[in-house]
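Each ligand, and each atom within it, is numbered from 1 in the order the structure gives. No hydrogens, no waters, no symmetry mates; every other heavy atom, side chains included, goes into these values.
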Amino acid sequence: MKNLAKSTRCLSTILVKKMDAIGVVGAGQMGTGIALVAARNADMKVMCYDVDWSKLNGSMEWIRNKLNSYAERGDLDKSRVDEIISRITACKRIEDLGDAPLIVEAASERETLKLEIFKSLDQITDSEAILASNTSSISITKIGSVTSKPEKVVGMHFFNPVQVMQVVELIPGLETDESTIDVTKSVCERMGKVVGTVKDSPGFISNRVLMPYINEAINTFSEGVATIEEIDMAIVASSTKKMGPLATADLIGLDTCLAIMRVLHSHLGDDKYRPAPLLASYVHAGRLGRKSGRGFYKYDS
Ligand SMILES: NC(=O)c1ccc[n+]([C@@H]2O[C@H](COP(=O)([O-])OP(=O)(O)OC[C@H]3O[C@@H](n4cnc5c(N)ncnc54)[C@H](O)[C@@H]3O)[C@@H](O)[C@H]2O)c1
């Protein structure tokens with residue numbers, strides 16, 4: 001038994017060494033952050049794909065600006081900026097990610113969309129490739145079930161902003177094998193992250209707890225109990241939090257918050273998870289938070 005554990009560990013070590021490249025699907029705020037930490041902290045080659053080419057261009061520009069700002073304030077050797085950027089490729093087709101031993105999906109939080117993406121990823125990768133999802137709430141077991149290799153599918157839930165937040169929730173699906181968990185954990189560690197393994201359950205730990213809090217703040221505002229600023233100020237002043245719940249919702253993206261609340265509500269079946277009607281209205285109106293320039297607050301582009 002001991003020998004078996006030892007040989008499994010050796011195999012994982014070999015696999016981790018081969019993890020020199022990563023594919024990222026979705027170049028929004030999370031995919032962009034994942035690309036940055038993979039290239040900068042883990043020295044990986046990164047292939048980034050987004051269905052929207054303008055998002056991908058914006059993502060590349062954001063990474064360059066971020067690296068330059070690190071160099072300017074002395075957190076990164078100037079000579080490394082170009083070297084890190086040279087490892088990141090913007091890809092026009094999802095097929096261009098096919099050779100990566102690990103692909104992280106960070107597209108919008110919609111189950112049907114993620115299932116379609118994983119069906120495509122399954123077709124373009126070999127049986128050894130690890131397919132991870134950065135989903136905030138959707139079942140990893142369900143995502144794995146649309147592939148031919150559910151043992152290679154895992155949840156890799158980074159926190160926002162990826163380059164700042166240290167923790168990653170690692171979520172094995174029902175069929176995920178040990179080596180997938182070990183290898184993914186090691187990659188997260190190379191990126192400088194601390195990993196917590198969490199059971200596959202709606203919203204995992206973070207969003208099961210965080211989202212109802214944000215949702216309640218939205219209901220509190222909607223009922224006229226207090227203004228947006230008063231609600232955020234009350235929470236900041238009465239806790240160790242640096243940001244109130246409505247500013248946090250704007251940072252996450254109100255579309256993402258609504259999608260997560262819908263998953264919690266439909267899968268846990270308790271009305272305490274009912275999405276705040278005002279949250280849905282804001283999303284319908286295109287007020288998505290920082291990413292659209294307006295949510296509970298207004299932002300300069
Ligand atoms: N925002 C957060 O705070 C946060 C934190 C942890 C995890 N997440 C999760 O990360 C994922 C992405 O969230 P985000 O905040 O980066 O969203 P975002 O809206 O900033 O970006 C989503 C990106 O996905 C792209 N996309 C949509 N369909 C696609 C497709 N078929 N193929 C490729 N790309 C596609 C969009 O063009 C967009 O650029 C979601 O699953 C979300 O739940 C978000």
Side-chain angles (χ1 to χ4, degrees), residues 23-37 47-63 90-97 103-121 123-124 131-140 142-143 146 154-171 188 193 196 198 202-211 213-214 243 245-264 283 286-293 295 299:
V24 179
V25 179
Q29 53 183 338
M30 296 306 290
T32 303
I34 294 166
L36 173 65
V37 297
M47 280 83 73
C48 238
Y49 164 75
D50 196 293
V51 74
D52 180 343
W53 185 248
S54 69
K55 291 271 173 61
L56 208 45
N57 276 332
S59 168
M60 297 301 131
E61 194 185 329
W62 184 89
I63 290 175
C91 301
K92 284 217 156 122
R93 305 169 322 141
I94 197 166
E95 288 80 5
D96 298 335
L97 277 52
I103 299 180
V104 182
E105 169 277 317
S108 316
E109 187 73 356
R110 284 203 308 278
E111 185 176 295
T112 48
L113 173 71
K114 291 196 190 283
L115 298 184
E116 283 310 310
I117 290 174
F118 273 78
K119 279 184 201 164
S120 303
L121 293 178
Q123 280 170 9
I124 63 166
L131 305 180
S133 177
N134 187 46
T135 177
S136 300
S137 59
I138 298 164
S139 165
I140 300 302
K142 182 146 191 197
I143 292 174
V146 300
V154 67
M156 203 175 179
H157 184 225
F158 291 85
F159 290 10
N160 185 11
V162 179
Q163 68 282 5
V164 175
M165 304 301 274
Q166 279 218 306
V167 174
V168 175
E169 285 180 322
L170 202 64
I171 307 113
C188 289
K193 305 298 176 193
V198 182
F204 319 121
I205 299 174
S206 52
N207 285 308
R208 174 83 176 258
V209 176
L210 176 69
M211 274 307 144
Y213 151 79
I214 286 176
M243 206 185 253
L246 300 173
T248 305
D250 276 357
L251 172 70
I252 293 168
L254 301 191
D255 52 341
T256 304
C257 294
L258 179 61
I260 297 169
M261 283 311 298
R262 285 182 171 152
V263 170
L264 293 178
V283 173
R287 294 187 193 181
L288 306 183
R290 286 191 192 198
K291 64 180 156 189
S292 71
Y299 302 88

> Can you check whether Glu105 has an N/O within less than 3.5 Å of an N/O in ligand 1?
Replying inline: no
> Hey, does Phe159 sit under 4.0 Å from ligand 1 if you only count heavy atoms?
Replying inline: no
> What closest approach, in Å, do His157 and Ser206 show between heavy atoms, and which atom pair accounts for it?
Replying inline: CE1-OG, 3.3 Å
> Of all the atoms in ligand 1, which lie at a distance below 4.0 Å from a heavy atom belonging to Tyr49?
Replying inline: 32 (N), 33 (C)
> Does Glu116 have a non-hydrogen atom less than 4.0 Å from ligand 1?
Replying inline: no
> Between Asn134 and ligand 1, does any nitrogen or oxygen pair lie at a separation below 3.5 Å?
Replying inline: yes
>> Minimum distance, heavy atoms only, to atom 30 (C) of ligand 1: which one of Val24, Val51, Thr256, Thr248 is it?
In response: Val51
>> Taking 4.0 angstrom as the limit and counting only heavy atoms of Lys114, give me the atoms of ligand 1 inside it, by number and element.
In response: 40 (C), 41 (O)
> Which atoms form the tightest heavy-atom contact between Pro245 and Ile214, and what is the distance?
Replying inline: O-CG1, 3.8 Å
> Near Glu61 CD, under 6.0 Å, is it more than 12 heavy atoms from other residues, nucleotides or ligands?
Replying inline: no
>> Suppose I only count heavy atoms of Ala106 and a 4.0 Å limit; which atoms of ligand 1 are within that range?
In response: 11 (C), 12 (C)
> Between Asn207 (side chain) and Ser136 (backbone), is there a donor-acceptor pair under 3.5 Å?
Replying inline: yes
> Does ligand 1 have an atom under 4.0 Å from some heavy atom of Gly253?
Replying inline: no
> Judged by atom type as modelled, is there a donor-acceptor pair below 3.5 Å linking the side chain of Glu169 to the main-chain atoms of Ile171?
Replying inline: no
>> Check whether Lys193 reaches the backbone of Val162 with its side chain - one donor and one acceptor, N or O, closer than 3.5 Å.
In response: yes
>> Looking at non-hydrogen atoms alone, which of Ala107, Ser120, Ser133 comes nearest to atom 11 (C) of ligand 1?
In response: Ala107
>> List ligand 1 atoms under 4.0 Å from His157, heavy atoms only on the residue side.
In response: 6 (C), 7 (C)
> Just wondering, more than 12 heavy atoms not from Lys291 lying within 6.0 Å of its NZ?
Replying inline: yes
> Hey, does Gly31 come in under 3.5 Å of ligand 1, counting only N/O atoms on both sides?
Replying inline: no
> Got an N/O contact under 3.5 Å between Asn160 and ligand 1?
Replying inline: yes
> What atoms in ligand 1 come closer than 4.0 Å to a heavy atom of Ser108?
Replying inline: 22 (C), 24 (O), 27 (C)
> Minimum heavy-atom separation for Ser133 to Ile140, with atom names?
Replying inline: CB-CD1, 4.4 Å
>> Which of the numbered atoms in ligand 1 are under 4.0 angstrom from any heavy atom belonging to Gly26?
In response: 24 (O), 34 (N)
> Any N or O on Gln29 sitting closer than 3.5 Å to an N or O of ligand 1?
Replying inline: yes
> So, the side chain of Asn134 versus the backbone of Phe158: is there a donor-acceptor pair under 3.5 Å, distance only?
Replying inline: yes
> Looking only at distance, does Leu113 have an N or O less than 3.5 Å from an N or O of ligand 1?
Replying inline: no
> How does Ile252 reach ligand 1, if at all, at less than 4.0 Å between non-hydrogen atoms: by side chain, backbone, both, or neither?
Replying inline: both
>> Using the rule given for side-chain contact (heavy atoms from CB on, under 4.5 Å), can you reason through Lys114 versus Glu109, listing the C-alpha separation, both sets of side-chain angles and the distance that settles it, and then say yes or no?
In response: CA-CA 8 Å; Lys114 291 196 190 283; Glu109 187 73 356; 3.3 Å; yes
> Any donor and acceptor pair, going by atom type alone, linking the side chain of Thr32 with main-chain N or O of Ser59 inside 3.5 Å?
Replying inline: no
>> Give the atom numbers and elements of ligand 1 that come within less than 4.0 Å of a heavy atom of Thr135.
In response: 41 (O)
> Considering distance alone, does some N or O of Asp52 sit under 3.5 Å from an N or O of ligand 1?
Replying inline: no
> For ligand 1, is there an N or O atom under 3.5 Å from any N or O atom of Asp255?
Replying inline: no
>> I need the atoms of ligand 1 closer than 4.0 Å to a non-hydrogen atom of Ser136, numbered in the order shown.
In response: 6 (C), 7 (C), 8 (N), 9 (C), 42 (C), 43 (O), 44 (C)
